[in-house]
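Comments concern the structure below.
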Amino acid sequence: MTEPKRAPGGFPVVGVVGGGQLARMMQGPAVELGIQLSVLAEDAYAAAALAIPSAPVGAHTNLDEIRKFAASCDVVTFDHEHVPHEVLGALEADGVVMHPTPSALLHAQDKLVMRRRLSSLGIACPRWAVGRTAEDVAAFAEEVGWPVIAKTPRGGYDGKGVLLARSVEDVAEWLAQVGRPGPLEEGVLLEERVEFVRELAVLIARSPSGQAAAWPVVETVQTEGICTEVLAPAPGLDPDLASVVTEAALRIAGELDVTGVLAVEMFELRRGREASYVVNELAMRPHNSGHWSMDGAVTGQFEQHLRAVLDLPLGDPRPRAPWTVMANVLGGEDEELYSAYRHIMARDPGAKIHVYGKGVRPSRKIGHVNVSSDDLDSARDRARHAADYLRGTVRE
């Protein structure tokens with residue numbers, strides 16, 4: 001395993017476990033800060049391996065490979081939450097500096113652990129229970145009403161590992177796996193189906209010394225369980241609710257001792273005239289809901305994550321424009337993307353295109369477009385057109 005080159009001047013090496021687009025997008029800010037990145041990539045053609053010179057190939061489940069990788073890094077962080085907890089524990093015992101720490105990261109890896117901890121802190125959550133038997137599911141549904149939301153405690157993302165259950169039979173296949181090694185070993189996470197106004201996300205960064213910074217609350221738009229658009233800031237959000245949800249996210253980060261970027265995904269509720277929220281998910285890494293900040297904030301989430309994990313003073317998270325819209329580019333029928341650049345750049349020189357170097361598959365996130373503007377509707381139209389043109393769903 002080749003060690004990363006160290007730059008003169010005492011600059012550190014940050015290791016990133018996972019070679020996806022999040023690791024890839026850390027490279028630009030790392031270069032600007034003079035920091036060296038090294039990435040443990042799944043293969044030589046992983047998204048980050050195409051952009052970062054030091055990208056040894058290794059499995060995030062293999063302790064020996066991660067140990068060798070971490071030995072050449074000053075601090076280790078993560079592109080995803082899938083490193084087994086026992087592997088993280090062994091690295092911690094070795095003295096490897098990791099941000100977030102294994103004890104914090106567990107709350108993003110295991111939804112049951114997350115729900116228990118947030119409930120104990122008094123953070124607003126949907127009503128929930130653990131389902132191990134058909135009787136458990138039936139009892140919970142009797143309490144909150146059908147349908148209920150069933151989730152695998154581990155491993156789900158972008159709508160995977162989530163189902164809308166209208167009867168016990170809908171969950172039977174998952175219940176059969178309870179007690180077996182795997183994501184359902186401890187049971188099925190059952191949650192009430194929440195009638196919500198929209199989905200929000202609060203992104204913050206926190207350093208090991210306890211400094212924290214928060215970006216504006218954003219609205220995330222989901223299509224079939226996949227985020228397709230982010231509006232920054234969330235339009236029409238009650239200022240009091242914005243303060244409440246930001247305070248909740250900062251409190252979660254402090255109580256869980258999170259280091260690095262934390263995304264708190266929420267549902268906005270409205271009961272009569274009163275607006276409120278419940279927390280849906282946590283992610284402890286740069287997050288899709290923060291991609292807008294790369295071009296729309298004074299300090300983007302990838303630079304801020306690097307500052308945080310190195311315990312450097314955090315940057316200014318304030319927006320640069322009244323509105324920034326991020327539109328995800330999802331894979332379509334066209335495998336060739338580069339030829340679309342000429343049209344998009346000529347039509348809208350202000351659009352910022354980010355493509356991840358990933359193979360095209362239907363509905364796979366392969367890039368995003370950011371557009372900032374004084375007018376929200378204009379920014380949405382411009383961002384969506386560019387993303388759709390890249391995908392190949394529009395040709396004008």
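For clarity, every value in this text was computed on a predicted model and none was experimentally measured.
For the pair Arg115 and Cys125, the minimum side-chain heavy-atom distance is below 4.5 Å. The side-chain heavy atoms of Ser54 and Lys5, taken from C-beta on, include no pair separated by under 4.5 Å. Using a 4.5 Å cut-off on side-chain heavy atoms (C-beta onward), Val17 and Phe69 make contact. Residues Glu229 and Trp292 are not in side-chain contact: their nearest non-hydrogen atoms beyond the backbone lie 4.5 Å or more apart. The shortest side-chain heavy-atom distance between Gln36 and Pro4 does not fall under the 4.5 Å cut-off. Met266 places none of its side-chain heavy atoms less than 4.5 Å from the side chain of Phe196. With a 4.5 Å cut-off on side-chain heavy atoms, Val194 and Leu269 count as touching. Between Asp375 and Trp323 the shortest side-chain heavy-atom distance does not fall below 4.5 Å.
Asp74 and Arg6 are joined by a salt bridge, as a carboxylate oxygen and a charged side-chain nitrogen come within less than 4.0 angstrom of each other. Using a cutoff of 4.0 Å between basic side-chain nitrogens and carboxylate oxygens, Glu81 and Arg285 are scored as salt-bridged. The pair Arg206-Asp257 meets the salt-bridge criterion, since a charged nitrogen lies less than 4.0 angstrom from a carboxylate oxygen. Classification of Glu247 and Arg251 as a salt-bridged pair fails, no side-chain N sitting under 4.0 Å from a carboxylate O. No salt bridge links Glu191 with Lys111; every basic N to acidic carboxylate O contact stays at or beyond 4.0 Å. Arg384 and Asp388 are joined by a salt bridge, as a carboxylate oxygen and a charged side-chain nitrogen come within less than 4.0 angstrom of each other.
When all heavy atoms of Val217 and Ala242 are compared, the pair lying nearest together is CG2-O, 4.0 Å. Among all heavy-atom pairs drawn from Ala213 and Leu314, the shortest one is N-CD1, 3.8 Å. Scanning both residues, Ala23 and Asp79, for their nearest heavy atoms gives N-OD1, 2.9 Å. Of all non-hydrogen atoms in Ala46 and Ala41, the two that sit nearest each other are CB-CB, 4.1 Å. For the residue pair Pro183 and Arg154, the shortest heavy atom distance occurs at CB-O, 3.3 Å. Nearest heavy atoms, Ala386 versus Ile344: O-CD1, 3.5 Å.
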Practice problem: Could you go through the side chain to side chain contact (heavy atoms under 4.5 Å, CB included) check for Arg198 and Leu237 one step at a time? | Solution: CA-CA 10 Å; Arg198 58 179 168 174; Leu237 183 64; 3.6 Å; yes

Exercise. Evaluate side chain to side chain contact (heavy atoms under 4.5 Å, CB included) for Leu203 paired with Val218, printing each intermediate quantity in order.
Key: CA-CA 9 Å; Leu203 204 73; Val218 301; over 6 Å; no

Quiz item: Leu190 and Glu143: side chain to side chain contact (heavy atoms under 4.5 Å, CB included), yes or no, with the steps?
Solution: CA-CA 12 Å; Leu190 304 172; Glu143 176 187 346; over 6 Å; no

Practice problem: Let me see the working for Val76 and Leu91 under side chain to side chain contact (heavy atoms under 4.5 Å, CB included), right down to the final yes or no. | Solution: CA-CA 10 Å; Val76 172; Leu91 293 176; 5.8 Å; no

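Within a 6.0 Å sphere centred on CD of Glu333, other residues, nucleotides and ligands contribute 12 heavy atoms or fewer. Residue Tyr341 places its OH atom among more than 12 non-hydrogen atoms of other residues, nucleotides or ligands, all under 6.0 Å distant. Annotation: Lys358, atom NZ; neighbour count of heavy atoms from other residues, nucleotides and ligands within 6.0 Å is above 12. Atom CZ of Arg127 has more than 12 heavy atoms from other residues, nucleotides or ligands within 6.0 Å.
Proximity of a side-chain donor or acceptor of Trp215 to a complementary backbone N or O of Thr299 within less than 3.5 Å is detected. Side chain of Ser293 to main chain of Gln301: a donor-acceptor pair is present (N/O by atom type, distance under 3.5 Å, no hydrogens or angles). Using a distance-only test at 3.5 Å, with no hydrogens or angles considered, a donor-acceptor pair links the side chain of Thr133 to the main chain of Asp136. Looking at Asn328, its side chain never comes within 3.5 Å of a backbone N or O of Lys365 through a donor-acceptor pair. Formation of a donor-acceptor pair under 3.5 Å by the Asp110 side chain with backbone atoms of Leu106 is not found in this model. Proximity of a side-chain donor or acceptor of Gln21 to a complementary backbone N or O of Gly367 within less than 3.5 Å is not detected. Looking at Arg380, its side chain never comes within 3.5 Å of a backbone N or O of Val325 through a donor-acceptor pair. Looking at Asp94, its side chain never comes within 3.5 Å of a backbone N or O of Val96 through a donor-acceptor pair. Between the side chain of His343 and the main chain of Ala340, no donor-acceptor pair closer than 3.5 Å is present. The backbone N or O of Ser372 sits nowhere less than 3.5 Å from a side-chain atom of Asp295 that would complete a donor-acceptor pair.
There is no path of hydrophobic side-chain contacts, each under 4.5 Å, that joins Val261 to Val75. Linking Ile, Leu, Val, Met, Phe, Trp and Tyr whenever their side-chain heavy atoms come within less than 4.5 Å puts Val144 and Trp146 in one cluster. In the hydrophobic cluster analysis, where Ile, Leu, Val, Met, Phe, Trp and Tyr join through side-chain heavy atoms closer than 4.5 angstrom, Leu22 is grouped apart from Leu330. Criterion: ILVMFWY side-chain heavy atoms under 4.5 Å apart, direct or through other members. Under it, Val309 and Val39 are part of a common hydrophobic cluster. No continuous path of ILVMFWY side-chain contacts below 4.5 Å connects Val148 to Trp128, so the two sit in separate hydrophobic clusters.
Classified by interplanar angle (parallel below 30°, tilted 30° to 60°, perpendicular above 60°), the ring pair His354/His368 is parallel. Between His60 and His82, the ring planes lie tilted relative to each other; the angle falls in the 30° to 60° range.
Once rounded to the nearest 0.5 Å, the distance linking CD of Glu86 with OG1 of Thr61 reads 9.5 Å. One finds the CG atom of Leu189 at 7.0 Å from the CE atom of Met114 (value rounded to the nearest 0.5 Å). The CZ atom of Arg193 lies 6.5 Å from the CD1 atom of Ile149; values are rounded to the nearest 0.5 Å. Note that CD of Glu3 and SG of Cys73 are 9.0 Å apart. Values are rounded to the nearest 0.5 Å. To the nearest 0.5 Å, atoms CD (Gln211) and OG1 (Thr259) are separated by 13.5 Å. We find the CD-CG distance between Glu135 and Leu175 to be 9.5 Å, quoted to the nearest 0.5 Å.
A cation-pi arrangement is present between Arg395 and Tyr389 under the rule of less than 6.0 angstrom and at most 45 degrees off the ring axis.
Between the side chains of Glu169 and Ser167, a donor-acceptor pair is found at a separation under 3.5 Å.
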